[in-house]
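Only a predicted model underlies this, so the values are computations on that prediction, with no experimental measurement involved. Just so it is clear, the values below take in all heavy atoms, side chains as well, and ignore hydrogens, waters and symmetry mates. In what follows, residues are counted from 1 in the order of the sequence shown.
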Amino acid sequence: MTKVSNFVMGLSLVLGSAACGGKKPPPAPPPPPAPVVEAKAEPAPPPPPPAPKHATATMAGTAKYKAVKGTVEFKETPDGIEVTANLEGLKKGDHGFHIHEKGDCSAPDAMSAGGHFNPTNMKHGAPDADEHHEGDMGNITAEKDGKATKTFTLKGATLGDGDTSIAGKGFIIHAKADDMKTQPTGNAGDRVACGTITLDAAK
């Protein structure tokens, strides 16, 4: 083979290698991973407020006044305890009614309920007087048919714990009107019905 032929062959190899591009380009790098966004935990909702306490006194007539009966309901409100009395079998007219210190109605005349509920050692008086027992409620009026209803707010007492709680206390209806001045009972006469204030499910 001549020198010219060798030269041509070598040139061909060089040109062929150049035509093929030499080394392949490096592969493109993969795209960066998407940033991880942590989900924020939703704050827990506040717990619901406790249901208002509710209590009931189921009234039963004493030995001399067996016809008297009814219910007195007590419900906590922001302004005090809402009291709703529904009674029957009473003599027409006004009747004193009070919370008493014991929830014991076992005596025939309900004297087992003790005196008026009076944890702050006040004098007896009208429920809106500056000085009165926490158990003083004034009067409830019975119509000719013997039925009496009344709803009002009792202030200064609670249905919870502590000295001002009326839960477990007695509720008394009297034969006569409370004059709201005679100490310590208001001269309201016999106890005609008694019930124990018993906490129950909120309504």
hydrophobic_cluster_shared for [Y] and [X], side chain cutoff 4.5 Å:
{"X": "Ile197", "Y": "Phe117", "answer": "yes"}
{"X": "Ile172", "Y": "Leu90", "answer": "no"}
{"X": "Ile173", "Y": "Met111", "answer": "no"}
{"X": "Met180", "Y": "Phe97", "answer": "no"}
{"X": "Met59", "Y": "Val83", "answer": "yes"}

Is any side-chain heavy atom of [X] closer than 4.5 Å to a side-chain heavy atom of [Y]?
{"X": "Lys91", "Y": "Tyr65", "result": "no"}
{"X": "Ile166", "Y": "Leu159", "result": "yes"}
{"X": "Lys64", "Y": "Pro108", "result": "no"}
{"X": "His100", "Y": "Arg191", "result": "yes"}
{"X": "His124", "Y": "Thr182", "result": "no"}

Minimum heavy-atom distance [X]-[Y], with the two atoms named:
{"X": "Pro127", "Y": "Gly138", "value": "CD-N, 3.7 Å"}
{"X": "Lys150", "Y": "Met137", "value": "NZ-O, 4.1 Å"}
{"X": "Ala85", "Y": "Val72", "value": "CB-CG2, 4.1 Å"}
{"X": "Ala142", "Y": "Ala148", "value": "CA-CB, 3.8 Å"}
{"X": "Gly195", "Y": "Ala57", "value": "C-CB, 4.2 Å"}
{"X": "Val68", "Y": "Ala193", "value": "CG1-CB, 3.6 Å"}

Distance in Å, [X] [atom1] paired with [Y] [atom2], rounded so as to fall on 0.5 Å steps:
{"X": "Phe171", "Y": "Thr71", "atom1": "CZ", "atom2": "OG1", "value": "10.5 Å"}
{"X": "Asn118", "Y": "Ile99", "atom1": "CG", "atom2": "CD1", "value": "11.5 Å"}
{"X": "Phe152", "Y": "Ile140", "atom1": "CZ", "atom2": "CD1", "value": "8.0 Å"}
{"X": "Glu76", "Y": "Ile81", "atom1": "CD", "atom2": "CD1", "value": "6.5 Å"}
{"X": "Lys75", "Y": "Thr56", "atom1": "NZ", "atom2": "OG1", "value": "12.0 Å"}

For [X], does the [atom1] atom sit with more than 12 other heavy atoms under 6.0 Å from it, leaving out its own atoms?
{"X": "Met122", "atom1": "CE", "value": "yes"}
{"X": "Asp163", "atom1": "CG", "value": "no"}
{"X": "Lys69", "atom1": "NZ", "value": "no"}

Exam field: side chain [X] to backbone [Y], donor-acceptor pair closer than 3.5 Å:
{"X": "Glu143", "Y": "Thr141", "value": "no"}
{"X": "Glu101", "Y": "Gly115", "value": "yes"}
{"X": "Thr198", "Y": "Thr196", "value": "yes"}
{"X": "Ser112", "Y": "Ser106", "value": "yes"}
{"X": "Asp190", "Y": "Val192", "value": "no"}

Could you walk me through whether Glu134 and Thr120 pass side-chain hydrogen bond (donor to acceptor under 3.5 Å, both in side chains), step by step?
CA-CA 8 Å; Glu134 278 79 2; Thr120 54; 2.7 Å; yes
Flag the pair His133 / His98 as yes when their ring centroid distance falls below 6.0 Å, and as no otherwise.
no
Between His95 and His174, does the ring centroid distance fall short of 6.0 Å?
no
Counterpart residues, side chain to side chain donor-acceptor pair (under 3.5 Å), relative to Asn139 (two or more places apart):
none
Residues Thr153 and Asp79: side-chain donor-acceptor under 3.5 angstrom:
no
